[in-house]
Amino acid sequence: MTTTRPRTLAEKVWEAHTVRRGEGAEPDLLYIDLHLVHEVTSPQAFDGLRLAGRPVRRPDLTIATEDHNVPTVDIELPIADPVSRTQVDTLRKNCKEFGVRLHPMGDAEQGIVHVIGPQLGLTQPGMTVVCGDSHTSTHGAFGAMAFGIGTSEVEHVLATQTLPLKPFKTMAINVDGRLRPGVTAKDVILAVIAKIGTGGGQGYVLEYRGSAIEALSMEARMTICNMSIEAGARAGMIAPDETTFAYLKGRPHAPQGADWDAAVENWKALRTDEGAEFDAEVHLDADTLTPFVTWGTNPGQGLPLGESVPDPARIADENERFAAEKALSYMDLQPGTPLRQVKVDTVFLGSCTNGRIEDLRAAADVLQGRKVADGVRMLVVPGSMRVRQAAEAEGLDKVFLDAGAEWRQAGCSMCLGMNPDQLAPGERSASTSNRNFEGRQGKGGRTHLVSPLVAAATAVRGTLSSPDDLN
Ligand SMILES: CC(C)[C@H](C(=O)O)[C@@H](O)C(=O)O
Ligand code: SF4
């Protein structure tokens, strides 16, 4: 009888997919279960295949969508921007030529790549999931090993359905206790990044665990795993449980009947064993968390909403002090200003971080019977056409429109400046997306990352706010 050593969830998934173990410094060869594709990082990969005369090895495990370059109004018209139009047209041609299923603009299943995978039930526990996109970590919420890859790796996966890779180190992020009302998954992950820093997760796969994580819905878990990458990590994971199974059951690509029962049996074993060791561990107390917002130009430069813009002079570490000075100058913020007094021009509710139905419900709940402040524009952009449809079936579109917000079609939208939805130079946003780099939402735009609840309350008051400020 062999006794197996206790293993982490990440190790289990990795080992189950190792086609060939690398010797010495060699990488392992991993089998890939699901390959998601979008228009930005796939053109050269398909070109490479064409040049080599190779087909796509497993078109049935490959699925494409149009998300980054698509406009979110007038989607029946040709895309005005020539670069975006070429990008989207190229994806269409490539998918046709190589037999890859594509959900184009206007299609009922179109949406942000990380929203549609889970929604279709394609993302499942224990899988390896890749995409030429850093926020592929989102899918780890299902207990999958999901990570972003570069364009040459996209070509490798298209051609072989495998990927040579060195194992990641493992880090446990233990979040215990209970989140207070008004505190969301977004606040948890912003607090995690503020704690470990934007480089703190480098080389690691993060496993989020603890009672506060177990209590979260799948959508909230996706928000957390989504931003693992902003802590520098390769991936984020959460062990699958009843919440996961309930979310997946009955989805178009989820197993059915006896296959479903067998799958759930297998998925239940996808937990970190008692006694397994992580390379690093971090602890966070859920009870102490409050709504979190960023004040700077990286996702680690964040603070509880109740605090003030920090004073760089008080930051001991020289690099951090310099980074803070530079960030405050770009953000046009004065040290000591209460964050609640920071005035915004735009509120963006959407993205693969917070563009799912629960996020829209949470924001609509705050906006119900209220108005977006004068001089503030609010964009509500569902993460997928299905999310849009579900929201409309519940009347959420009405709530947003009555409040004075714009109700858009699905796409990445203002999360990044690759489509018409952008900030003007000097404009300031409260945004439910995941990145606040200089120019991320448009040249010269200033971004504060927030939760959907904070986004909605901020839209009403015109300054960074939480729903509590509305009473
Ligand atoms: C365009 C794409 C390669 C990029 C990513 O990899 O994350 C985008 O999705 C982003 O969020 O910046
Ligand atoms: S919504 Fe934003 S973070 Fe997500 S894939 Fe699109 S651009 Fe990247």
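Quantities reported herein were computed from a predicted structural model and do not represent experimental measurements. Starting from 1, each residue takes its place in the sequence as its number. Whatever order the structure lists them in is the order used to number ligands and atoms, beginning at 1.
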field: Selection from Gly417, Cys352, Gly148, Ser134 by shortest heavy-atom distance to atom 7 (O) of ligand 1
entry: Ser134
Options His68, Met418, Arg440, His135, ranked by nearest heavy atom to atom 8 (C) of ligand 1, top entry: His68
- request: For His68, check ring pair (Phe, Tyr, Trp, His ring centres under 6.0 Å) against everything at least two apart and list the hits.
  value: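 Per chain and number, His68 pairs via ring pair (Phe, Tyr, Trp, His ring centres under 6.0 Å) with His38.
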message: Please enumerate all residues that pass ring pair (Phe, Tyr, Trp, His ring centres under 6.0 Å) together with Phe168, with sequence neighbours excluded.
response: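 Per chain and number, Phe168 pairs via ring pair (Phe, Tyr, Trp, His ring centres under 6.0 Å) with Trp14, Phe147.
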- prompt: With distance as the sole test, does Glu219 use its side chain to make a donor-acceptor pair with the main-chain N or O of Glu358 at under 3.5 Å?
  reply: yes
query: With a 4.0 Å cut-off, would you call Glu406 and Arg377 a salt bridge?
result: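 Arg377 and Glu406: not salt-bridged.
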- prompt: Going by an N to O cut-off under 4.0 Å, is there a salt bridge joining Glu230 and Arg435?
  reply: yes
query: Can you check whether Pro55 reaches Leu49 side chain to side chain, under 4.5 Å on heavy atoms?
result: no
- prompt: Quick one: how many protein N/O/S atoms are under 2.8 Å away from atom 2 (Fe) of ligand 2?
  reply: 1
message: Is the contact between Val40 and ligand 1 made by the side chain, the backbone, both, or neither, using heavy atoms and a 4.0 Å cut-off?
response: side chain
statement: ligand 1 to Arg435, heavy atom cutoff 4.0 Å, flagged ligand atoms 7 (O), 10 (C), 11 (O), 12 (O)
query: Is ligand 2 less than 4.0 angstrom away from at least one heavy atom of Arg440?
result: yes
query: Can you pull the salt bridge (charged side-chain N to carboxylate O under 4.0 Å, His left out) pairs that have at least one residue in residues 146-175, sequence neighbours excluded?
result: none
statement: Looking only at protein heavy atoms, what sits closest to atom 3 (C) of ligand 1 is Thr41 CG2, 3.6 Å
- prompt: Nearest protein heavy-atom contact for atom 2 (C) of ligand 1: which residue, which atom, what distance?
  reply: Asp133 OD2, 3.5 Å
task: For atom CD of Glu392, decide whether the heavy atoms of other residues, nucleotides or ligands shown that lie under 6.0 angstrom number more than 12.
output: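 Yes.
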- prompt: Would you find more than 12 non-hydrogen atoms of other residues, nucleotides or ligands less than 6.0 Å from Arg50 atom CZ?
  reply: yes
- request: Tell me which part of Asp133 gets within contact of ligand 2: side chain, backbone, both or neither, using heavy atoms under 4.0 Å.
  value: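 Within the 4.0 Å criterion, Asp133 contacts ligand 2 through side-chain atoms alone.
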statement: Looking only at heavy atoms, the pair that brings Leu122 and His253 closest together is CD2-CG, 3.5 Å
